[in-house]
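We name chains A, B, ... by the order of the sequence lines, and we start the count at 1 in each one.
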Amino acid sequence: MEYNISLVVTPLSHIFEFSLKPTAPFDFSLTVKNPAGWSFFTPFEIFENGTLWSATKVSSTLIGVKMWSEGNISNPVVSVQVFSIEELAISHTKFLIDVIKEALGAEQDLSGFYEMARKDDILKHAVDDLYGMHDGIPPSVFPEAVLAILLQMAPLKRSNEMMASFIQNYGEAAEFDDRQVSAWPVPERISSIEESELARKCKVGYRAKHIVKLAKKLSEEKFPSMQQLAEMSPGEARKALIGLPGIGDYSADIISPHGGFPIDVWSAEVFGKLFFGKKPENNREAVEKVKAEGMRRWGEWSWMAFFYVVQDLPNLSRKMGVDLRLT
DNA sequence: GCGTCCAGGTCTACC
DNA sequence: GGTAGACCTGGACGC
């Protein structure tokens with residue numbers, strides 16, 4: 001893989017800061033650095049001693065974000081510093097505060113989910129282990145869609161390598177608070193590169209075609225923002241996402257701010273064992289059956305159930321006496 | 001060392 | 001509308 005060919009490093013020296021009071025229960029560490037290792041903004045972000053340094057582009061503005069907790073699970077307070085190249089207008093700072101609130105899931109009320117989960121033989125363990133973990137809405141569609149495409153037809157190790165190469169070759173690094181964090185590329189940049197160049201540099205294979213077409217669609221056409229997708233009905237948002245290049249049933253469930261029940265051949269095995277007590281004979285053929293059972297069992301809470309179970313696999317394996325390791 | 005298989009899906013041609 | 005086959009790449013596996 002080719003790294004650091006054209007990564008631009010941008011120093012961010014202007015700061016504005018604020019604090020948030022998320023809806024309790026809220027566990028800051030579990031929310032920004034969850035056990036399965038899903039990134040808050042980018043896989044290159046840093047989490048040390050309870051503080052997160054991350055970076056992203058929001059409406060063409062590169063920002064660095066430093067966050068830490070000053071409260072506790074039942075009385076949560078999060079301090080946030082936002083770093084930018086130049087001083088931001090008041091309207092922009094208000095917008096960014098909303099973006100970070102959404103990304104933290106700060107206003108998410110977990111009480112309904114927890115009430116259901118405590119009566120469920122699987123989820124009662126997960127919500128106990130991960131009490132206060134919120135799930136937020138990412139600031140933009142492009143990184144989520146590229147991630148979904150890179151997860152397709154590849155072992156996780158290779159997906160991670162493709163993702164790292166893509167960010168290092170075409171992203172932008174934010175330098176702030178004595179840290180450097182690489183942020184995801186924006187569609188405007190990817191739309192102008194050749195598919196063959198992307199395939200060669202990042203070894204993404206046939207996925208290069210989907211990624212460049214996706215970038216063109218998002219940068220040249222009016223596609224709903226993540227916030228607008230959140231305001232649509234789940235069905236409308238899903239329909240819009242499936243219209244994107246390289247995005248099908250599974251990927252739409254990953255990207256949608258409404259969530260879904262994204263069962264692939266990997267999760268078909270995990271959830272197959274949890275639901276039916278044994279490994280499916282054929283993981284690929286079990287996808288539809290496992291997905292239907294998850295939707296039947298957890299209904300409107302399917303996404304949160306998926307999220308909590310995937311984050312809690314080692315504990316669930318032990319507590320339920322089911323070997324959830326892949327075979 | 002070499003050939004074969006297949007992986008945390010989606011698209012397209014064909015019926 | 002339903003479905004088989006193709007699709008990049010690289011690691012695992014058998015020989």
Side-chain angles (χ1 to χ4, degrees), chain A residues 1-3 34-39 43 141-170 190 193-218 223 238-256 259-275 279-295 302-303 305-314 316-317 323-327:
Chain A
M1 307 253 175
E2 297 178 34
Y3 281 179
N34 55 50
W38 298 0
S39 314
V141 172
F142 187 60
E144 305 305 307
V146 174
L147 171 61
I149 289 170
L150 296 180
L151 284 171
Q152 296 165 10
M153 285 301 286
L156 190 56
K157 178 172 177 284
R158 181 159 179 245
S159 293
N160 285 333
E161 287 172 354
M162 290 189 283
M163 184 165 48
S165 180
F166 181 64
I167 294 171
Q168 292 288 55
N169 276 289
Y170 299 106
I190 304 304
I193 64 175
E194 294 292 328
E195 293 170 11
S196 56
E197 179 195 309
L198 177 58
R200 178 178 54 77
K201 277 191 177 178
C202 304
K203 299 198 189 303
V204 297
Y206 71 92
R207 301 169 191 82
K209 183 174 62 180
H210 291 156
I211 293 171
V212 173
K213 279 186 181 172
L214 171 74
K216 285 181 176 163
K217 182 144 184 154
L218 291 180
F223 190 82
R238 181 181 176 74
K239 190 176 173 187
L241 289 167
I242 287 179
L244 291 172
I247 303 303
D249 187 62
Y250 163 76
S251 299
D253 278 349
I254 290 183
I255 305 165
S256 174
F261 199 62
I263 297 300
D264 50 26
V265 296
W266 168 79
S267 46
E269 178 169 337
V270 171
F271 283 89
K273 286 175 178 172
L274 287 171
F275 291 155
K279 177 189 180 312
E281 288 185 15
N282 182 309
N283 288 354
R284 197 169 289 279
E285 290 176 2
V287 166
E288 288 305 318
K289 183 183 172 191
V290 169
K291 181 161 182 161
E293 174 60 15
M295 300 292 283
S302 295
W303 167 254
F306 179 90
F307 180 55
Y308 265 70
V309 167
V310 169
Q311 304 295 340
D312 198 38
L313 291 181
L316 279 177
S317 202
D323 186 357
L324 296 174
R325 289 174 299 181
L326 296 187
T327 55

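- The residue I247(A) sits close only to the backbone: its heavy atoms come under 4.0 Å of sugar-phosphate atoms, none of a base.
- Of the candidate nucleotides dC8(C), dG9(B), dC11(B), dC11(B) has the atom lying nearest to any side-chain atom of H210(A).
- Between the OG atom in S196(A) and the NZ atom in K201(A) there is a gap of 11.0 Å [rounded to 0.5 Å].
- Using a 30° and 60° split on the angle between ring planes, F307(A) and W303(A) fall in the parallel class, below 30°.
- Within 4.0 Å (heavy atoms only), L151(A) reaches sugar-phosphate atoms of the nucleic acid but no base atom.
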Return the polar atom pairs (N/O with N/O) between nucleotides 4-7 of chain C and the protein under 3.5 Å, or none.
none

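- Residue contacts for L244(A): at a heavy-atom cut-off of 4.0 Å it reaches the sugar-phosphate backbone alone, with no base atom in range.
- S267(A) meets the side chain to side chain donor-acceptor pair (under 3.5 Å) test with D264(A); sequence neighbours excluded.
- Computed from coordinates, the M163(A) CE to dT9(C) P distance equals 19 Å when rounded to whole Å.
- Taken from CD1 in I149(A) to OG in S159(A), the straight-line distance is 11.5 Å, to the nearest 0.5 Å.
- I211(A) places its CD1 atom 15 Å from the P atom of dG9(B), with the value rounded to the nearest Å.
- Rounded to a whole angstrom, the distance from the C1' atom of dA6(C) to that of dC6(B) is 14 Å.
- Minimum interatomic distance between A286(A) and P280(A) (heavy atoms only, all atoms of both residues): CB-CB, 3.5 Å.
- Rounded to whole Å, the P atom of dA13(B) lies 14 Å from the corresponding atom of dC8(C).
- Only the P atoms considered, dG10(C) is 23 Å distant from dC11(B), to the nearest whole Å.
- Taking a cutoff of 4.0 Å between a charged side-chain nitrogen and a carboxylate oxygen, K273(A) and E269(A) qualify as a salt bridge.
- Rounded to the nearest 0.5 Å, atoms CD1 (I193(A)) and CD1 (I190(A)) are 4.5 Å apart.
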Exercise. Dot-bracket notation for DNA chain C is requested: 5' to 3', Watson-Crick or G-U wobble pairs only, both distances under 3.5 Å, with ( ), [ ], | and . as defined.
Key: |||||||.|||||||
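- Proximity of a side-chain donor or acceptor of D312(A) to a complementary backbone N or O of Y308(A) within less than 3.5 Å is not detected.
- When the P atom is used for both dC13(C) and dG8(B), the distance is 13 Å, rounded to whole Å.
- For I255(A) and dG8(B), the CD1 to P distance is 19 Å, given to the nearest whole Å.
- Per the geometry, OH belonging to Y250(A) stands 14 Å off P belonging to dC11(B), to the nearest Å.
- Contact annotation for P245(A): backbone-only contact, meaning every heavy-atom pair under 4.0 Å involves sugar-phosphate atoms and none involves a base.
- Judged by distance alone, with hydrogens and angles left aside, the side-chain atoms of R207(A) form no donor-acceptor pair with the main-chain N or O of G246(A) at under 3.5 Å.
- If you take NZ of K209(A) and P of dT9(C), they are 13 Å apart, rounded to a whole angstrom.
- Among the atoms of the strands shown, only primed sugar atoms or phosphate atoms (P, OP1, OP2) are found under 4.0 Å from some heavy atom of S251(A).
- Side chain to side chain, E197(A) and Y170(A) meet the donor-acceptor criterion of an N or O pair below 3.5 Å.
- Counting atom types as modelled, R284(A) pairs a side-chain N or O with a base atom of dG9(B) as donor and acceptor under 3.5 Å.
- Rounded to whole Å, the distance from NZ on K217(A) to P on dT10(B) is 16 Å.
- Nearest to the side-chain atoms of R158(A) among the listed nucleotides dC8(C), dG8(B), dT10(B) stands dC8(C).
- As a whole-Å value, the separation of W266(A) CH2 from dC6(B) P is 22 Å.
- Looking at W266(A) and V310(A), their side chains come closer than 4.5 Å, going by heavy atoms from C-beta outward.
- Atom CD1 in I149(A) sits roughly 10 Å away from atom C1' in dT10(B) (whole-Å rounding).
- Nucleotides dC5(B) and dG5(C) have their C1' atoms positioned 16 Å apart, rounded to a whole Å.
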